[in-house]
Amino acid sequence: MLDVKWVRDNREEFATMLSNRNYSFPLDRFIELDTMRRETLLEVETLKEKRNAGAKEIGLKKKSGENPEELMEEMRQVGDKVKEFDEKIGTIETELDDLAMRIPNRPHESVPIGADENDNIEIRKNGNPLEFDFEPKPHWDLGETLGIMDFERGVKLAESRFTVLKGAGARLERALMNFMLDLHTMEHGFTEIAPPILVNTATMSGTGQLPKFAEDLYKCVDDDLWLIPTAEVPLTNLHSGEMLNEVDLPKYYCAFTPCFRREAGSYGRDMRGMLRQHQFDKVEMVMLSTPDKSYDELEKMTSYAERILQLLGIPYRVICLCTGDMGFGAAKTYDIEVWLPSQNCYREISSCSNCEDFQARRMGTKYRPAAGGKPRFIHTLNGSGIAIGRCLIALMENYQNKDGSITVPEALRPYAGGMEIVK
RNA sequence: GGAGAGGUGGCUGAGUGGUCGAAGGCGCUCGCCUGGAAAGUGAGUGAACGGGUAACCGUUCCAAGGGUUCAAAUCCCUUCCUCUCCGCCA
């Protein structure tokens, strides 16, 4: 959510921002509603002032034994008018608030302006794509042959885009989870959280998944509960509606959770293998920061995600998303992409974003500055640290051997019961 | 799921339908005191929205949403949450 006052006073800049994002929004209607709201507010507040004064006077008259009946009749009419205007404002605000919740965040000035993923900028690269002296296989071939991935039974149990991991596959998934959590909690200073993976509508709205992206989520029929698409949702909302002290910031939270996405609108894409699933595991990092430090924290967070890939020895690159490719709530986003030999390209494995005060406004999370002064909204950041399913894929494809076996990276072996090779 | 008790500011905790945005305390801020600190002491200290260059003014907010009334933190209804007891359960 943006500050409505800012939108009102910076209409040009706001319109430019929307077009940079390729985002269609009924700006004229929004301004119209805002104007109507303020005009009506002025009228009703005048009436309420009159009513308050009248009510007070009636009280005094009763005390002094006078007959307030005439004034009471007048106030009765004022009251009816107030009710009428209040209803009008209610209607206006319902529409206005709904629109406000659908305004995307304003990109940071350092974000490249561009239309789509082709305009993203590569920031750095780590490791080079491996040279194989054989034709590298896709992970689905490797996984099925080794008996560690079962795509058919995943579909049987649920539907397409669900996969069963077996034996060493399941073990590696668990090893990756513990490897990542240990690194973040013991070396990067994160507090580990085990959050609910079903959350209510208010929580989903706080981080921006609702109201606009309901079709991407799984919803419970009989309860006001939704399956989380990422642990960013519960972690960021941990302090919703709270007043924090500056000395308690920054806060670093991480969590392992399954994530659930309907993937509506990506019907044909990545149908083979387990690159794009309705359910996948992820370790997520969330930081709550003061505004002056949040961009430093974004660099740190990105480096923490990279660290995982460095230790595992998987080639990757970091790109900065352009205005047209960024997510709804982000002010700046770095994506980390890993090299997938079978696809001969880089694919996203982590996304680290600074949302500035966009989510904090929705959630109502403020902090009291140590130097005194008014409470301010915090800045929130989130990043995958990292997607476990995709990490498993990258590991399998990059560490495959000519005979179809997979070498387990050394850093992971202690977490996999000393397993050195999957064959 | 059944019965009862509650939800008030950053925290704690009062509040007969009328001058209550809300006593008191804690915390915090600025002074005094002190060589410095603690203790003591004086004053101040909620937020959102609207209007105004500003000082400031107005409206709203006592879990959430409705209702009664000239007037609601206070009365009524609904929902949510917390606590105690019972039942059920991994």
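In what follows, every chain begins at residue 1, and chains take the letters A, B, ... in the order their sequences are listed. Heavy-atom basis, side chains included; hydrogens, waters and symmetry copies ignored.
No donor-acceptor pair under 3.5 Å is formed between the side chain of A/Arg390 and the backbone N or O of A/Arg276. Side-chain atoms of A/Glu173 never come within 3.5 Å of backbone atoms of A/Leu392 as a donor-acceptor pair (strictly under, hydrogens ignored).
Rounding to whole angstrom units, CZ of residue A/Arg37 and C1' of B/rU60 are separated by 11 Å. Rounded to whole angstrom, the span from the CD atom of A/Glu39 across to the P atom of B/rC49 amounts to 19 Å. Rounded to whole Å, atom P of B/rG66 lies 10 Å from atom CG of A/Asp86. Atom CG of A/Leu41 is separated from atom P of B/rU59 by 12 Å (rounded to the nearest Å). With rounding to whole Å, A/Asn200 atom CG is found 14 Å from B/rU79 atom C1'. A straight line from NZ of A/Lys366 to C1' of B/rC11 spans 18 Å, rounded to a whole angstrom. One atom, CD of A/Glu45, and another, P of B/rA48, lie 16 Å apart when rounded to the nearest Å. Remark: C1' of B/rG58 and CZ of A/Arg38 are 16 Å apart, rounded to the nearest angstrom.
OP1 or OP2 of B/rA48 sits under 4.0 Å from a side-chain N or O of A/Lys374. An OP1 or OP2 oxygen of B/rC28 is reached within less than 4.0 angstrom by no side-chain nitrogen or oxygen of A/Arg368. Phosphate proximity of B/rU19 to A/Asn52: absent, as no side-chain N or O sits under 4.0 Å from OP1 or OP2.
Residue order along RNA chain B, read from the 5' end via each residue's closest nucleotide, puts A/Leu60 first among A/Leu60 and A/Val44. Comparing A/Met243 and A/Lys63 along RNA chain B, the residue whose closest nucleotide (by nearest heavy atom) sits nearer the 5' end is A/Met243.
Distance from the side chain of A/Lys5 is smallest for B/rC49 among the nucleotides B/rU59, B/rG51, B/rC49.
For the C1' atom pair drawn from B/rG46 and B/rU34, the interatomic distance equals 34 Å after rounding to whole Å. The separation of B/rG27 from B/rC11, taken at their P atoms, amounts to 15 Å, rounded to a whole angstrom. To the nearest whole angstrom, the two C1' atoms, one in B/rA72 and one in B/rG17, are 6 Å apart. When the P atom is compared between B/rA23 and B/rA38, the two are found 27 Å apart, to the nearest whole Å. Taking atom P on both nucleotides, B/rA39 is separated from B/rC20 by 33 Å, rounded to a whole Å. If you take atom P in B/rC26 and the same atom in B/rG13, they sit 15 Å apart, rounded to whole Å. With both ends at atom C1', the span from B/rA3 to B/rG67 equals 27 Å, rounded to whole Å. B/rU74 and B/rU84 have their P atoms separated by 27 Å, with the value rounded to a whole Å.
At the heavy-atom level, A/Arg376 lies nowhere under 4.0 Å from the strands shown. As judged by a 4.0 angstrom heavy-atom cut-off over every strand, A/Pro68 is placed among residues making no nucleic acid contact.
Residues A/Ile406 and A/His139 form no side-chain contact, since every pair of their non-hydrogen atoms from C-beta on lies 4.5 Å or further apart. Under the 4.5 Å side-chain criterion, counting only non-hydrogen atoms from C-beta, A/Glu306 is in contact with A/Arg124. For the pair A/Arg307/A/Ile386, no side-chain contact is recorded, criterion being any heavy-atom separation below 4.5 Å from C-beta on.
With values rounded to the nearest 0.5 angstrom, A/Lys61 atom NZ is found 11.0 Å from A/Glu69 atom CD.
Considering A/Arg51, A/Lys81, A/Lys48 as possible partners of A/Asp86, the one that fulfils the salt bridge (charged side-chain N to carboxylate O under 4.0 Å, His left out) test is A/Lys48.
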Handout entry: Secondary structure string for RNA chain B (Watson-Crick or G-U under 3.5 angstrom, | for other-strand pairs)
Key = ((((((((.[[[..)..(.....]]]((((((.......))))))((((((....)))))).[[[[[..)....]]]]])))))))....
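Using a 30° and 60° split on the angle between ring planes, A/Phe358 and A/Phe328 fall in the perpendicular class, above 60°.
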Quick one: which protein N/O atoms are closer than 3.5 Å to N/O atoms of nucleotides 67-71 of chain B? Pair and distance per line, please.
residue: B/rC70; atom: OP1; partner: A/Arg76; partner atom: NE; Å: 2.9
residue: B/rC70; atom: OP1; partner: A/Arg76; partner atom: NH2; Å: 2.9
residue: B/rC70; atom: N4; partner: A/Lys62; partner atom: NZ; Å: 3.1

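A/His188 has its ring centre no less than 6.0 Å from the ring centre of A/Tyr252.
Salt bridge A/Glu263/A/Arg161: absent, no basic N to carboxylate O contact under 4.0 Å.
The environment of NZ in A/Lys50 is sparse: at most 12 heavy-atom neighbours from other residues, nucleotides or ligands sit within 6.0 Å.
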